[in-house]
Amino acid sequence: MHGATEPADVLSRPLPDGLPPGARDWFARRTYTARTWDEERIRELKGGTRVSVVLPARDESATVGEIVSAIRGALVSGPAPVVDEIIVIDSHSSDGTARIAEKAGALVVHQDDVRPDLPPGRGKGDALWKSLAVATGDVAVFLDADVRDFTPRYVTGLLGPLLADARIAYVKGFYERPAARTADGPGAGGGRVTELVARPLLNLLRPELAGFVQPLAGEAAGRTDVLRRVPFATGYGVEIGLLLDLFDLVGLDRLAQVDLGVRRHRHQSLADLGAMAAQVHSAALRRLADGLPGIAPDGPDPVRHLVQYEHEDGAGLRARVREVPVAERPPHLPAAADAAERPVR
Ligand SMILES: O=c1ccn([C@@H]2O[C@H](COP(=O)(O)OP(=O)(O)O)[C@@H](O)[C@H]2O)c(=O)[nH]1
Ligand SMILES: O=C(O)[C@@H](COP(=O)(O)O)O[C@H]1O[C@H](CO)[C@@H](O)[C@H](O)[C@H]1O
């Protein structure tokens, strides 16, 4: 049994030689497993820390109710709750997500009802940014609402490193990601944008972050006073944007990752992931290749155009242009006075 902040042996064999500088030591020092912290241990570590669980949800009626109920049943009920509030940001759903989440016991807030003084936003990142204007916790746990066979261990696993080590500011989950119908076999195939876009980009342009097993994981937890000091890409670029900005703000040693086991979720089409990939590229390149033509924002709601092609049965080749929003929300708070802590790079 590992100690509260002792790294876990999650690899089936030692790390390979030749990992980018810093990534190897970081992996060994800051990789944990959810098994280290059961609910009882989390309750002991929690003390007076308030915990907000946040689920951005767009048309998740099939799964959101079960997820909220599972969290409430295991981590909210009882004399010493682990979770103090469950917030579902209804992200323009049209399938009854809000009603189902509310019935399951979540506080449901519509994305456009938060900061109505600002131009309306769209996308997952906008929903997460707005959650920080609603959440009252010292720690926010971000969870996707499309996960099948959800377990409350995702929450306790993400909280473990944060509650066990005050130095840790942000924790990302990782897991096996078996995708439906893939030739790669069990435990593989999921995370197409991760494997084809995010991981190559990080290894090329920010190799210190090569130790993150799932850099785009939607399951993550962070201290809200830190999360409020970085911008949020409003679409699917939010995860890679947060990882890069938090790395710059607090440094690698204050980031961690935790093995959550296995994750199954609804898979989008390849064309939809093409738009997602465009947003991941936009958020990453704005941070890593500033000044690249076409990357800097232009106007309050910048959009890029993605031309995609498909063969229509019997009708030949069809081209379509998809609008890809690449807007960002600014930090809720100015950079902390302790910004001097930022690592010299
Ligand atoms: O505009 C959006 C797009 C996505 N989501 C939510 O963000 C999470 C991850 O999105 P999705 O499942 O589409 O991404 P994937 O897991 O396929 O990468 C899910 O809970 C979605 O409901 C959202 O709140 N608003
Ligand atoms: O990891 C990925 O490649 C994408 C798509 O996953 P799949 O190919 O559908 O398993 O999913 C992640 O990326 C999104 C963008 O960062 C996140 O918002 C999702 O939470 C995450 O599941």
Side-chain angles (χ1 to χ4, degrees), residues 53-68 87-98 100-101 106 108-112 114 120-131 141-148 150 154 158 172-182 184 187-202 212-220 232-244 260 262-284 323-327 329:
V53 168
V54 172
L55 294 130
R58 180 182 65 181
D59 294 334
E60 303 297 3
S61 59
T63 43
V64 71
E66 202 173 311
I67 294 171
V68 171
I87 299 168
V88 169
I89 302 290
D90 176 19
S91 186
H92 307 105
S93 300
S94 56
D95 68 344
T97 289
I100 293 168
V108 179
V109 178
H110 191 279
Q111 189 165 347
D112 287 348
V114 181
R122 45 189 162 165
K124 177 187 184 182
D126 184 66
L128 289 174
W129 183 81
K130 288 181 174 172
S131 77
V141 180
F142 294 153
L143 298 173
D144 281 2
D146 68 325
V147 170
R148 274 62 176 153
F150 171 83
Y154 280 16
L158 288 164
K172 284 201 76 80
F174 69 90
Y175 21 61
E176 281 185 52
R177 299 184 66 170
R181 295 186 304 282
T182 167
D184 293 325
R192 289 161 289 175
V193 177
T194 294
E195 301 307 334
L196 298 174
V197 175
R199 202 181 305 288
L201 266 177
L202 291 175
F212 276 90
V213 179
Q214 290 295 342
L216 299 189
E219 290 71 24
F232 277 53
T234 58
Y236 286 114
V238 62
E239 279 89 8
I240 200 160
L242 281 177
L243 187 58
L244 290 167
L260 300 177
V262 181
R263 174 181 181 255
R264 288 180 177 79
H265 68 114
R266 182 204 50 235
H267 298 282
Q268 298 185 57
S269 69
L270 193 59
D272 288 344
L273 291 195
M276 177 188 288
Q279 290 182 318
V280 171
H281 270 115
S282 172
E323 270 204 354
V324 179
V326 292
R329 291 288 192 189

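Each ligand, and each atom within it, is numbered from 1 in the order the structure gives. The structure presented is a predicted model; accordingly, all values stated were derived computationally and were not measured.
Asp126 and Arg122 are not joined by a salt bridge, as no carboxylate oxygen comes within less than 4.0 angstrom of a charged side-chain nitrogen.
Remark: Thr194 pairs with no residue by the side chain to side chain donor-acceptor pair (under 3.5 Å) rule, at least two apart or across chains. Listed by chain and number, the residues in a salt bridge (Lys or Arg N to Asp or Glu O under 4.0 Å) with Arg148 amount to none (sequence neighbours excluded).
Side chains of Glu60 and Thr97: a donor-acceptor N/O pair is absent below 3.5 angstrom, by distance only. There is a side-chain donor-acceptor pair under 3.5 Å between Arg177 and Gln214.
Judged by distance alone, the side chain of Asp90 and the main-chain N or O of Ser93 form a donor-acceptor pair under 3.5 Å. Looking at Ser131, its side chain does come within 3.5 Å of a backbone N or O of Leu128 through a donor-acceptor pair. Gln279 places no side-chain N or O within donor-acceptor distance of the main-chain N or O of Val238, the cut-off being under 3.5 Å. The closest donor-acceptor contact from the side chain of Thr234 to the backbone of Ala327 lies under 3.5 Å.
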Output block, N or O contacts of ligand 1, threshold 3.5 Å exclusive:
residue, atom, partner, partner atom, Å
ligand 1, 1 (O), Arg58, NH1, 3.4
ligand 1, 12 (O), Asp146, OD2, 3.0
ligand 1, 12 (O), Arg266, NH2, 2.9
ligand 1, 13 (O), Tyr236, OH, 2.6
ligand 1, 13 (O), Arg266, NH2, 3.4
ligand 1, 13 (O), Gln268, NE2, 2.9
ligand 1, 14 (O), Gln268, NE2, 3.3
ligand 1, 16 (O), His265, ND1, 3.2
ligand 1, 17 (O), Gln268, NE2, 3.0
ligand 1, 20 (O), Pro56, O, 2.7
ligand 1, 20 (O), Ala145, N, 2.8
ligand 1, 22 (O), Arg58, N, 2.8
ligand 1, 22 (O), Glu60, OE2, 2.6
ligand 1, 24 (O), Ala57, N, 3.2
ligand 1, 25 (N), Ser91, OG, 2.8

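Ordered by chain and residue number, the residues placing a heavy atom less than 4.0 Å from ligand 2 are Lys124, Asp144, Arg177, Gly190, Gly191, Arg192, Val193, Thr194, Leu216, Gly218, Tyr236, Glu239, Arg263, His265, His267, Leu273, Met276.
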